Amino acid sequence: MKNVKKTKKRVTAAALFALFLLLSAGCTARRTMLLRAGDAKGDDGWGALEYPEGVRSGSLDITQLSAWQNHDGIIQAEVRFAKGGAARNIRICFGAEGADTGPVQSYHEAGGNLLLCEPWQYAVSVSNGVAELQQSDGSLAVPVKVSDTGRRILLTFSLETSERIAAFLRDHSVLSVYLLAGLYDRDGADFFLNRNESPFMPCVYDVLDVPGKNQAEMLGRFSDEDLSLAVLEPVRISVLHESDADSAADDEKYRAELEEIEAQLAQSPDDSALVESKLGLLAVKLDEPEAALAYASEHQEMLENSLYGNLYIAVAECKMAGIEKKVMDKMKWIRQGTERFDRIQRQWRENEDVYLYQAVTYSNFPSILGMGDDVLEKLSHIAEMYRSGAWQPDETDASLIWTSFSNLEKHYPKGRTGAAVREQKEAMKPVLEAVHESE
């Protein structure tokens, strides 16, 4: 823990206040869902294309497209696949329903060997981890940040670009959307790998399902004789502009769980497992840190030597920084939460959840605190334990680790620590992707 102790000496009031801003935003934010569309599993290849040797079957099988706007105005979009493991080339094209301007062909000339039956106004290209957003009239061409976790590609737009997209979405209630997924080839047309015998056959493995249409028939309407490409129809997606339905559903589910636990506690008030469960719901899932700390205070003796009780209290203490009004009160809670995490680490040294909670929490810290190396050290230890078989990761563990890496990439985009973050993330990919395969 030497790194932690040295770091503490450098913590200033300004640094702690920066930490408060970051933690409080992360703890209390609710995103606004903009759009969501699902896609059937197992329709990749549409009966005509086979995966090349060495490429995992299902890694181009689209399962969902979604987009949302965070509390800070940043828009993010996500494409999910059935499996990870492919170097992908993706196009997301969208425009207002019934728009009469813009190119008819996909992104660049005949991208993916497909024509689009309606024009697009914006297009995002994702080629082997490098992304760009373009506007059809040529007024916009900007890079987009990409995070690829195997089964999930997350796109993050800059604030300026997000504001531009948000303004466009406010003016339109329904979008025409195309999503194409193929394999990446740096020498291919528009970076699509094309090993087809026919120069007119689509080289995309999956597209977003069009309700009522047969994907295989639609993509199979190319002709060598007529020298024609297949024409893809768009998916109509309504713009939501509402709170994330999943968050609302989760909140309802957690409150139902809370009611059930409270009913059990009425019969068994000294059941420590039930007390821990209620505390976890209040602190982590329902985002009610004040209620969590008040409840913990009522059961202080029972929770004193409880691992999860202390972890939930540490989370609640950090979240309190987002509720207090005075700067000194905010800093008090931040110190209290981080010091509790340190005590937990000392008491439960080789516990997987301790490492995970601490890594994901410290990954939120701004670079001024210099905790990047400490987080990488914890993630490295976690990876070592997974590889040795001492710990067995599940989907939740993998999600926490990817969140840690995403936070680190945001705070350490350059320099030695940034390079170490990218290197370690790549090293952990095979371990975490194996989790998805086993689920």
Side-chain angles (χ1 to χ4, degrees), residues 39 41 43-46 48-65 76-94 103 105-116 120 122-134 141-157 177-208 215 219 222 229-230 232 402 405 409 422-423 425-430 432-433 436-437:
D39 188 90
K41 285 187 177 181
D43 62 349
D44 50 327
W46 48 281
L49 297 182
E50 294 183 358
Y51 284 88
E53 184 177 352
V55 179
R56 185 179 300 170
S57 178
S59 57
L60 293 172
D61 187 6
I62 299 166
T63 59
Q64 182 173 285
L65 169 68
Q76 293 181 294
E78 179 186 73
V79 183
R80 288 184 176 268
F81 295 88
K83 296 182 181 179
R88 303 184 182 97
N89 196 41
I90 300 170
R91 298 291 181 271
I92 307 171
C93 305
F94 63 94
Q105 289 177 304
S106 165
Y107 193 66
H108 294 301
E109 193 73 15
N113 272 8
L114 278 174
L115 296 179
L116 308 183
W120 53 264
Y122 289 91
V124 181
S125 63
V126 186
S127 300
N128 198 30
V130 178
E132 182 181 64
L133 171 71
Q134 288 194 353
V142 294
V144 179
K145 182 180 177 182
V146 181
S147 176
D148 186 346
T149 64
R151 293 204 320 171
R152 170 180 177 263
I153 290 181
L154 179 67
L155 304 172
T156 303
F157 300 92
V177 181
Y178 304 89
L179 170 56
L180 324 176
L183 286 169
Y184 170 79
D185 179 5
R186 67 177 184 179
D187 299 319
D190 285 341
F191 303 114
F192 279 102
L193 176 68
N194 189 350
R195 294 183 177 176
N196 301 333
E197 293 183 3
S198 167
F200 300 99
M201 182 177 180
C203 53
V204 300
Y205 281 71
D206 200 6
V207 299
L208 197 61
Q215 178 173 293
L219 296 180
F222 63 94
L229 300 172
L232 182 64
W402 287 127
F405 278 120
E409 288 176 324
R422 292 188 292 274
E423 180 181 352
K425 179 182 176 182
E426 287 299 313
M428 286 195 76
K429 266 189 178 182
L432 299 180
E433 286 180 357
H436 299 303
E437 296 303 311

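Every value quoted in this text rests on a predicted model; they were computed, and no experiment measured them.
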Requested in this report: Report yes if some heavy atom in the side chain of Leu49 is under 4.5 Å from a heavy atom in the side chain of Leu60; otherwise report no.
Outcome: no
Report task. Look at the side chain of Thr63 and the backbone N and O of Arg80, then say whether any donor-acceptor pair between them is shorter than 3.5 Å. Result -> yes
Query - Steps toward side-chain contact (heavy atoms from CB on, under 4.5 Å) verdict (Lys429, Asp148) - result: CA-CA 10 Å; Lys429 266 189 178 182; Asp148 186 346; 4.2 Å; yes
Report task. Calculate, to the nearest 0.5 Å, the distance between atoms CE and CH2 belonging to Met428 and Trp402 respectively. Result -> 7.5 Å
Query raised in the report: Would you say the side chain of Gln134 lies within less than 4.5 Å of the side chain of Cys93, judging by non-hydrogen atoms?
Result: no
Query raised in the report: Counting distance only, does the side-chain N/O of Tyr205 pair as donor-acceptor with the main-chain N or O of Glu50 below 3.5 Å?
Result: yes
Report summary line: Nearest heavy-atom approach of Val177 to Phe94 is CG2-CB, 4.0 Å
Query raised in the report: Would a distance-only check, ignoring hydrogens and angles, find a side-chain to backbone donor-acceptor pair under 3.5 Å from Asn113 to Pro199?
Result: yes
Query raised in the report: Hey, mind stepping through Leu179 and Ile90 against side-chain contact (heavy atoms from CB on, under 4.5 Å) and telling me if it holds?
Result: CA-CA 7 Å; Leu179 170 56; Ile90 300 170; 3.6 Å; yes
Query raised in the report: What pair of heavy atoms forms the shortest contact from Met201 to Ala48, and how long is it?
Result: CE-CB, 3.4 Å
Report summary line: Closest non-hydrogen atoms of Asp206 and Ile62, given as atom of the first, atom of the second and distance, are OD2-N, 2.9 Å
**Report entry** Side-chain heavy-atom pair Leu155, Val146 within 4.5 angstrom cut-off
**Finding:** yes
Query raised in the report: Do side-chain atoms of Tyr122 reach the backbone of Leu133 as a donor and acceptor pair under 3.5 angstrom?
Result: no
Query - Validation row: Glu132, Pro143 side chains within 4.5 angstrom (heavy atoms) - result: no
Report summary line: Tightest non-hydrogen contact, residues Leu154 and Glu78, listed as CD1-CB, 4.3 Å
Query raised in the report: Do Tyr178 and Leu232 touch side chain to side chain, with heavy atoms closer than 4.5 Å?
Result: yes
Query raised in the report: Is the NZ or CZ atom of Arg56 both under 6.0 Å from the centre of the six-membered ring of Phe81 and within 45° of that ring's axis?
Result: no
Report summary line: The reported gap from CD in Gln64 to CZ in Arg152 (rounded to nearest 0.5 angstrom) is 11.0 Å
Report summary line: Correct closest heavy-atom pair for Arg88 and Ser59 would be NE-O, 2.7 Å
Query - Thr156 OG1 to Lys145 NZ distance, which is reported to the nearest 0.5 Å - result: 6.0 Å
Report task. Determine, for Glu409 against Arg422, whether the closest basic-nitrogen to carboxylate-oxygen distance falls under 4.0 angstrom. Result -> no
Requested in this report: Give the intermediate values and the outcome of side-chain contact (heavy atoms from CB on, under 4.5 Å) for residues Val207 and Trp46.
Outcome: CA-CA 9 Å; Val207 299; Trp46 48 281; over 6 Å; no
Requested in this report: For the pair Leu193 and Asn89, evaluate side-chain contact (heavy atoms from CB on, under 4.5 Å) and give the outcome as yes or no after the intermediate values.
Outcome: CA-CA 8 Å; Leu193 176 68; Asn89 196 41; over 6 Å; no
Query raised in the report: Is the closest side-chain heavy-atom distance between Asp61 and Asp43 below 4.5 Å?
Result: yes
Requested in this report: Looking only at non-hydrogen atoms, find the nearest pair between Leu219 and Pro202 and report the distance.
Outcome: O-CG, 3.2 Å
Query - Phe192 CZ to Leu183 CG distance, which is reported to the nearest 0.5 Å - result: 10.0 Å
